[in-house]
Number of protein chains: 2
Amino acid sequence: MKNNTNKRIGIKDIAARAGVSIGTVDRVLHNRGEVKEATRNKVLEIVQELDYTPNIFAKSLSSKHTTKLAIVIPDSSDNNPYWEKPVSGIKLAAEELTHYNTEILYEHFDASDRNAFKNVLHKVCDQNPDGIVLNPVFKDISLEFIQEFDKRAIPYVFIDINLREVNNLAYYGQDAEQSGWVAARLMEASTPKFPNLLIVKQSKWKVFSSHIERRIEGFTRYFTEQQKVINTTTIEIDLNASNEPYESLNKVFDQNISYHGIFVPNSRGFKLANFLKTKGLNNIITIGYDLIDSNIDFLQQGYLTYLISQKPELQAYKAIWALFDHLVTKKPIRKTNYSAIDIIIKENIKYYLENK
Amino acid sequence: MKNNTNKRIGIKDIAARAGVSIGTVDRVLHNRGEVKEATRNKVLEIVQELDYTPNIFAKSLSSKHTTKLAIVIPDSSDNNPYWEKPVSGIKLAAEELTHYNTEILYEHFDASDRNAFKNVLHKVCDQNPDGIVLNPVFKDISLEFIQEFDKRAIPYVFIDINLREVNNLAYYGQDAEQSGWVAARLMEASTPKFPNLLIVKQSKWKVFSSHIERRIEGFTRYFTEQQKVINTTTIEIDLNASNEPYESLNKVFDQNISYHGIFVPNSRGFKLANFLKTKGLNNIITIGYDLIDSNIDFLQQGYLTYLISQKPELQAYKAIWALFDHLVTKKPIRKTNYSAIDIIIKENIKYYLENK
DNA sequence: CTGTTAGCGCCTTCAT
DNA sequence: ATGAAGGCGCTAACAG
């Protein structure tokens with residue numbers, strides 16, 4: 001039984017102890033205005049001694065200052081529904097944070113549009129926010145602006161893509177290679193020895209490509225490191241073209257190889273699934289990524305066997321909170337934060353969705 | 001650019017809109033004192049319309065009242081490390097909530113001790129808490145006290161075990177049968193057709209038994225409903241006896257059946273794994289429950305293939321917050337809340353643990 | 001039944 | 001360089 005009867009000590013107490021007014025205490029606490037060196041030291045001493053910590057509720061209640069957090073992540077205007085997810089995480093965090101006198105600046109842009117990206121960053125700089133969540137889709141442009149952030153001492157948190165050798169406060173994202181391992185492990189468990197495997201890549205997919213490549217690396221490296229022999233075919237398809245993926249897949253399936261498993265390392269598994277459905281092929285193990293609606297649909301129909309999910313909502317949500325904690329409550333923040341790699345099947349998807 | 005400049009509306013705003021004073025608004029909000037039915041309705045209407053939510057910081061700043069929440073769940077003193085998990089969720093919630101003027105009353109007891117359970121509930125009643133999180137391990141005793149709770153209008157939330165036909169605010173727990181389905185599905189995917197399967201039950205396990213039974217039901221029903229033929233052997237072992245599970249398992253494995261998979265529907269998978277390790281059997285698919293340390297250890301060593309986890313920390317954490325939200329912020333609470341059924345393998349456990 | 005008022009701990013402006 | 005006072009949104013005691 002815990003009884004928390006320790007009254008918190010406040011600036012009033014330390015003012016009394018120091019024989020000054022609370023106004024003076026406030027000034028030394030915030031380096032605001034001039035205070036005689038002697039009294040200043042005395043106050044600080046007492047602060048130390050009494051282990052004073054501000055009451056952030058009283059603080060945010062009274063403070064006129066609202067901290068501004070800017071979010072720079074793509075939206076789904078490039079026809080990739082994946083991007084809806086982080087946005088919903090942002091909205092949740094924004095809602096919660098209105099209580100704390102903090103406001104979220106969110107500007108969406110097409111993930112494949114260099115200029116849009118640059119423009120957004122310019123706007124963000126103009127707003128002069130207190131902190132920034134950034135998905136650095138274009139590395140060169142990002143680095144440019146990061147210099148500016150550093151100069152202004154604005155903390156920034158990366159989402160999804162981690163840029164090395166810069167001074168970011170934190171990173172929230174996935175370990176793409178490891179998720180490839182997970183996929184491989186599931187594939188191995190569900191297919192016979194020496195399986196024929198197909199990997200369906202997307203061409204013309206510039207933005208996120210490093211992730212996709214690393215998922216594939218992880219996938220194939222799993223088998224080689226376990227010294228399992230597999231027979232892999234990799235095809236590249238323009239998944240945005242209207243005649244695809246049917247044309248390419250038809251070609252592959254006409255070659256009379258019977259595939260045991262198919263790995264789609266991006267969020268477009270549903271396109272493959274749709275193809276399999278029209279062909280009546282429902283005994284192939286298929287593994288895709290991300291819980292977008294059409295994937296969920298085909299998972300439930302049985303044309304996708306596994307989905308791997310990284311809770312992108314949570315990434316955005318956590319990134320924003322990290323900034324808040326850093327700026328307002330001064331909590332220490334862990335720098336590298338990899339998302340969980342969740343395994344979703346028909347049987348557990350329902351409660352997974354209910355618990356996000 | 002979304003500018004969240006919507007000032008939160010407060011009791012002052014709704015007072016103005018209703019043409020009354022903030023005092024009156026406060027009274028209807030808290031059912032304190034008498035208010036004319038007409039004005040009462042008007043205020044409530046405006047509250048609805050403006051979607052008012054109280055500023056809990058201002059609230060906890062001004063309020064003298066500290067809300068007391070009592071938690072009645074077992075600890076691990078009955079030698080079941082599972083119970084450590086919810087306790088850690090409680091601690092987290094308690095820590096967060098101290099800020100909000102609420103105090104957590106936690107009294108542990110042995111899950112197998114009827115008298116201990118009763119005593120704790122008596123103590124809880126004496127404390128006269130504002131809300132109660134209850135794991136109703138013993139149904140009859142629980143129902144007895146629930147009558148008292150209802151009489152005093154103290155809201156109570158169930159964890160782990162759901163008692164029907166009582167007026168609980170919410171339930172947080174697992175869908176045991178569905179998790180059995182998940183296990184079955186994984187087992188099916190990883191074993192040949194017509195597999196020999198072994199189910200290792202624990203005897204003398206009174207408290208939690210309905211869950212365990214329902215996991216097994218789900219497991220076997222999956223196969224029958226899919227019309228898959230399996231050959232199942234079920235053994236019951238006193239997993240707390242020192243000569244077990246070795247004696248019983250030895251007997252089973254001496255019978256010259258080669259098992260493809262073993263299902264352990266409780267948290268003691270590690271005991272089986274340890275047996276398999278000493279026997280050098282590492283090609284059997286094994287599925288266990290719960291991320292207790294020894295299970296994690298054997299998962300990483302490869303003697304447990306899958307672990308199914310229900311994030312018991314989160315259940316406790318959410319249950320406490322549900323009470324808080326109900327009592328303090330008046331948020332509506334969903335009554336039935338099933339945990340996610342997480343599939344854990346060697347390859348994804350690391351980030352899973354990092355993200356709890 | 002309803003309005004007024006004094007805080008809660010802190011920030012901020014205005015005097016001194 | 002320092003103190004005094006008003007206010008943030010809400011609770012609770014006190015007057016009508």
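Naming convention: chains lettered A, B, ... in sequence-line order (proteins, then strands); numbering from 1 in each chain. These numbers come from the heavy atoms of this one structure, side chains and all, not from hydrogens, waters or symmetry mates.
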Between D:dC10 (C1') and B:Tyr100 (OH): distance, integer Å: 15 Å

A:Gln48 atom CD: more than 12 heavy-atom contacts under 6.0 Å: no

Sugar-phosphate only, base, or nothing, as touched by A:Thr39 at under 4.0 Å among non-hydrogen atoms: sugar-phosphate

CD/B:Glu34: more than 12 non-hydrogen atoms of other groups inside 6.0 Å: no

Exercise: identify the closest heavy-atom pair between B:Tyr172 and B:Val157: CD1-CG1, 3.7 Å

Sidechain-backbone polar pair: B:Asn355 side chain, A:Tyr338 backbone, donor-acceptor under 3.5 Å: yes

Spacing of A:Leu61 atom CG relative to D:dC8 atom P, expressed in whole Å: 10 Å

Any B:Tyr52 side-chain nitrogen or oxygen under 4.0 Å from OP1 or OP2 of D:dC10: yes

Bounds of contact between DNA chain C and chain B, in 5' to 3' order, using a heavy-atom cut-off under 4.0 Å: C:dC1 to C:dG9

Interatomic distance where CG belongs to A:Asn41 and P belongs to D:dA1 [whole Å]: 14 Å

Taking every non-hydrogen atom, the tightest pair across A:Thr67 and A:Asp130: CA-OD2, 3.1 Å

Under 3.5 Å side-chain donor-acceptor pair for A:Ser339 and A:Gln315: yes

Under 3.5 Å donor-acceptor, B:Asp13 side chain and B:Gly10 backbone: yes

B:Lys12 side-chain N/O to D:dC8 phosphate OP1/OP2 under 4.0 Å: yes

A:Tyr351-B:Gln174 side chain donor-acceptor pair, cut-off 3.5 Å: no

5′-ward residue of the pair B:Gly19/B:Ala58 relative to DNA chain C: B:Gly19

Under 3.5 Å between N/O atoms: give me all the protein pairs with nucleotides 12-16 of chain D, atom names plus distance.
from, atom 1, to, atom 2, distance (Å)
D:dA12, OP2, B:Arg32, NH1, 2.9
D:dA12, OP2, B:Arg32, NH2, 3.3

For atom CD1 of B:Ile11 and atom P of D:dT11, their distance in whole Å: 6 Å

Whole-Å gap separating C1' (D:dC10) and CD1 (B:Ile56): 12 Å

Verdict with supporting geometry, A:Phe109 and A:Phe117, ring-ring contact (aromatic ring centres under 6.0 Å, His included): CA-CA 7 Å; A:Phe109 63 95; A:Phe117 184 64; 5.4 Å; yes

Distance in angstrom units between B:Asn55 CG and D:dG9 C1', rounded: 6 Å

